[in-house]
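See structure below.
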Amino acid sequence: MLFNYNMKDNDKIKHFPIKKIKTGFFNNKNKLAEIKNFQGFEYVKLKKDVNGISFNKKALEDFAFSLKYTISIMRDTNNGIFLYEYFINGEDFDNFFKLYIDGTIEGKIVQIEKHTPDNLA
């Protein structure tokens with residue numbers, strides 16, 4: 001999804017142009033991905049990476065498990081509004097969301113931040 005960012009300056013709103021994604025997986029210059037829609041959500045199906053290399057299941061799983069996430073959840077309780085910061089390993093990501101969907105972890109997701117390992121390059 002592309003965003004149009006607004007900024008307030010001297011009580012006038014300035015509209016910044018929408019930025020198009022030019023690099024990464026969504027580089028449509030080389031016709032790598034076509035944006036489609038399923039159940040109201042936009043997605044792309046990628047057959048190869050930006051270098052034209054087919055994806056490797058083991059490498060993608062290893063990468064996913066090496067990631068860490070900070071998930072911020074807002075809870076509105078009788079004592080006030082609180083923000084809970086959960087620190088999740090990539091291998092526990094699915095389990096965390098199962099607990100969230102089942103209602104064991106309550107609240108509204110405010111942000112999900114992904115942290116990549118330092119030794120990727």
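Everything numeric in this text was worked out from a predicted model, so none of it was measured.
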Are Leu99 and Ile109 connected into the same hydrophobic cluster when the rule is that any two of I, L, V, M, F, W, Y join if their side-chain heavy atoms are below 4.5 Å apart?
yes
Examine Leu46 and Leu60 and state if one hydrophobic cluster contains both, with Ile, Leu, Val, Met, Phe, Trp and Tyr joined whenever side-chain heavy atoms are less than 4.5 Å apart.
yes
Residues two or more places apart in sequence or in another chain: which of them pass side chain to side chain donor-acceptor pair (under 3.5 Å) with [X]?
| X | answer |
| --- | --- |
| Lys58 | Asp62 |
| Glu61 | none |
| Asn79 | none |

Can you measure from [atom1] ([X]) to [atom2] ([Y]) and round to the nearest 0.5 angstrom?
| X | Y | atom1 | atom2 | value |
| --- | --- | --- | --- | --- |
| Tyr100 | Ile105 | OH | CD1 | 9.5 Å |
| Ile35 | Lys45 | CD1 | NZ | 16.0 Å |
| His115 | Tyr69 | NE2 | OH | 10.0 Å |
| Ile73 | Gln111 | CD1 | CD | 12.0 Å |
| Ile71 | Ile112 | CD1 | CD1 | 5.0 Å |

Where Phe63 and Thr116 come nearest, the two heavy atoms and their spacing:
CZ-CG2, 4.4 Å
Do you know the tightest heavy-atom contact between Leu83 and Ser72?
CD1-CB, 4.0 Å
Do the rings of Tyr86 and Tyr84 sit parallel, tilted or perpendicular, given the 30° and 60° boundaries?
parallel
Can you sort out the partners of Lys108 under side chain to side chain contact (heavy atoms under 4.5 Å, CB included), two or more places apart, ordered by chain and number?
Met74
Between Asn37 and Tyr43, is there a side-chain heavy-atom distance shorter than 4.5 Å?
no
Could you list all the salt bridge (charged side-chain N to carboxylate O under 4.0 Å, His left out) pairs where at least one residue sits in residues 65-80, not counting sequence neighbours?
Arg75-Glu106
Distance-only check: which donor-acceptor pairs under 3.5 Å involve side-chain atoms of residues 90-97, not counting sequence neighbours?
none

